[in-house]
Amino acid sequence: MAIPKIRSDGRHSALNVHVNDGRLLNYGSHVDGAWNPAAATGSLAVTNPADGSTLCEIATVGIDGTREAIDAAATALPAWAAQSPARRAALLEAWFRLIGENREDLARIMTLEQGKPIREARGEIDYAASFMQFYAEQARRLDVESVTSLFADADMRVTREPVGIVALVTPWNFPAAMFTRKAAAALAAGCTVVAHPSSHTPLSALALTELAARAGFPRGVINMLVGSAREIVGEMCSDTRVRALSFTGSTEIGRKLLEQCAATVKTMIMELGGHAPLVVFDDADFDRSVTQAVAAKFATSGQDCLAANRLFVQRSTYRRFVEAFAAGAAALKVDDGLNEAADIGPLMHEGAVQKCESHVADALARGARLVCGGKRLSPGSLFYEPTVLADVPADALIMSEETFGPVAAIAPFDTEEEVIARANDSEYGLVAYLFTADYPRISRLTRALQYGMVAVNRAKITGPTIPFGGTKQSGLGREGSRHGMEAFTELKYTCIHSG
Ligand code: NAP
């Protein structure tokens, strides 16, 4: 049965999403506790990348709707900031439970709009929910410092206060977790939120917003705005009442937002692009390095800021590794993400496929060798074969630009010094992967690699307790852990004369 959706004008339109709870899909934007604000400007078609079909149309808002949302967040802020940590925690816990109860619907919505294999979508929903649980606990333990007074007749203390209204801007590759990683921390800290999801994947964030409303968050505390990013995010940047902007997306847009927020001097949290090196030494556990490298490269169909894009393998093991890695890549099942057996889904849009094609063509023109894959599954489709390029020269585009697709570039290296230099030769600094059994080498390399995160002998490293983020042009600040919540606070120093 197709679920009907109520548009801003009150009419129903067919929505080609089949879920158990149709109310998860019954919306436009969410402002001041209400769906479909009067300020709706038009509509946005959401498509299924697996077949290009239109899933639904969502009512959009622009500058006026954004102002309404900021007004609502400003009105809600004093009471929310004054709530006891226990009350904020209770609401986050209720949201966490509701996400768990609706896990299957949320995963299905995500696969339909984003394309990722349903098993990965379920994993992302669990990951998204884990931030609610973690920050519910963390709300109760925001650290404050005590200061030894400099004066005999004064007390000195340092407290943390919520920064105020925060703007959250999220990408399409993790449409649930990138929202909750920010929102849970901001809400726990006592901030109110105005958020913009990617126009490619608004349904997941909207479904989560519906569940937040059911959990009992007061009106105006969480506002979700679908529409033109230039208008919505532009307004968030220029409004002086918005005191922090937390952005996850490309480095290119991150730079623009840093400029746009300069005039209003906001706290900026930037989770930007990555171009992860993956280094395999000849003493590494060979089978483990191959399976983990396949996972690190091809998760989320390669559309992952943590994707291992540049594989450097020590020469003595290079030929064997390339063969085994390519066999692992070629064995991945490319299919509609709704198929339980799918490992690789469609890419998000035509531009994403074209970027893969251009990186492969450029690398081959510069002397790289195609080991497997290298083309779309069929003309016009968004499915791209898992692709392995070997002997990729340092000047190939793929060695300096994020591909954001299922294309792996491999090159041999000889010495530790050489591979450290090559791994660090990037404007990005999000994550680096290292495979070796030599502990002193692990110690040396983890210090030498200029990355915010280093994964040793494994691919999966994320979770709510870790400070996620990068160095250089991969971003500013960290998300997750206590640091992710402190980012949404201001330190206040108070000196009280005691007579
Ligand atoms: P993107 O194009 O930069 O878009 C990200 C967000 O910015 C979306 O909500 C988008 O809204 C909005 N946006 C786009 N143009 C804008 C503009 N001119 N002004 C204001 N906002 C604008 O990134 P993406 O393609 O969605 O995501 C892929 C990128 O995200 C990759 O570079 C990846 O590495 C990075 N990423 C980083 C992390 C991390 O934690 N470091 C995690 C995931 C992804 P619309 O969609 O509505 O245009």
Side-chain angles (χ1 to χ4, degrees), residues 7-9 27-46 57-78 80-81 162-172 175 178-180 182-183 186-187 191-210 212-213 217-250 253-254 256-270 488:
R7 299 192 328 197
S8 59
D9 57 11
Y27 33 62
S29 293
H30 188 76
V31 173
D32 200 15
W35 292 106
N36 300 313
T41 52
S43 67
L44 170 85
V46 184
E57 290 201 356
I58 300 259
T60 55
V61 294
I63 292 174
D64 288 347
T66 309
R67 284 194 188 134
E68 262 183 47
I70 298 171
D71 290 346
T75 304
L77 182 63
W80 181 248
V163 68
I165 301 173
V166 302
L168 312 179
V169 184
T170 51
W172 48 259
M178 296 303 95
F179 168 55
T180 63
K182 298 174 190 304
L187 294 165
C191 300
T192 55
V193 162
V194 288
H196 168 70
S198 167
S199 300
H200 294 290
T201 56
L203 298 176
S204 296
L206 290 168
L208 289 166
T209 306
E210 161 66 17
F217 282 91
R219 59 187 277 196
V221 170
I222 303 172
N223 303 278
M224 182 62 71
L225 300 161
V226 181
S228 156
R230 273 175 201 277
E231 291 184 18
I232 293 170
V233 182
E235 186 60 25
M236 292 171 174
C237 292
S238 61
D239 194 310
T240 52
R241 294 171 296 171
V242 175
R243 295 311 315 139
L245 185 138
S246 177
F247 172 77
T248 298
S250 60
I253 301 295
K256 285 189 185 160
L257 298 185
L258 284 166
E259 279 176 22
Q260 284 183 48
C261 288
T264 53
V265 191
K266 302 186 199 307
T267 296
M268 301 296 282
I269 299 134
M270 295 264 132
F488 293 116

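Interatomic distance, OG of S199 versus CG of L44, reported as 5.0 Å (0.5 Å rounding). Atom CZ of R219 and atom OG1 of T75 lie 8.5 Å apart (nearest 0.5 Å). Taking CD from Q260 and NZ from K266, the interatomic distance works out to 10.5 Å, rounded to the nearest 0.5 Å. Considering OG of S228 and NE2 of H196, their distance stands at 7.5 Å, rounded to 0.5 Å. Rounding to the nearest 0.5 angstrom, the gap separating the CG atom in L245 from the CG atom in L168 is 8.0 Å. Put simply, CD1 on I70 and CD1 on I63 are 10.5 Å apart, with the number rounded to the nearest 0.5 Å.
A heavy-atom distance below 4.5 Å is not found between the side chains of T41 and D64. When side chains are defined from C-beta on, V226 counts as touching P197, because their heavy atoms get closer than 4.5 Å. A 4.5 Å side-chain heavy-atom check between M270 and L257 finds at least one atom pair inside the cut-off. Residues D239 and T264 form no side-chain contact, since every pair of their non-hydrogen atoms from C-beta on lies 4.5 Å or further apart. Side-chain contact between W80 and L187 is present, with at least one heavy-atom pair separated by less than 4.5 Å. Counting heavy atoms from C-beta on, the side chains of E231 and T66 never come closer than 4.5 Å. Taking the side chain as every heavy atom from C-beta outward, F179 and S204 never approach each other to under 4.5 Å. Here the side chains of D32 and E68 are not in contact, with every heavy-atom distance at 4.5 Å or above.
Heavy-atom minimum distance, P162 versus A81: CG-CB, 3.7 Å. When all heavy atoms of T201 and P175 are compared, the closest pair comes out as OG1-CB, 3.6 Å. Contact detail for I222 and H30: the closest heavy-atom pair is O-CD2, 3.5 Å. Pairing each heavy atom of I232 with each of G62, the nearest pair is CG1-O, 4.3 Å. Taking each heavy atom of P202 and I58 in turn, the nearest pair found is CG-CG1, 4.5 Å. When all heavy atoms are compared, the tightest approach of L206 to G28 is CD2-O, 3.2 Å.
The pair D71-R241 counts as a salt bridge, with a side-chain nitrogen and a carboxylate oxygen less than 4.0 angstrom apart.
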side-chain contact (heavy atoms from CB on, under 4.5 Å) between K182 and T248, worked out: CA-CA 9 Å; K182 298 174 190 304; T248 298; 2.7 Å; yes
Test log, rule side-chain contact (heavy atoms from CB on, under 4.5 Å), inputs S246 and V166: CA-CA 7 Å; S246 177; V166 302; over 6 Å; no
L258 vs F247, side-chain contact (heavy atoms from CB on, under 4.5 Å): CA-CA, chis, key distance, verdict: CA-CA 10 Å; L258 284 166; F247 172 77; over 6 Å; no
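Side-chain atoms of T192 never come within 3.5 Å of backbone atoms of L77 as a donor-acceptor pair (strictly under, hydrogens ignored). For the pair N223 (side chain) and V193 (backbone), a donor-acceptor distance under 3.5 Å is present.
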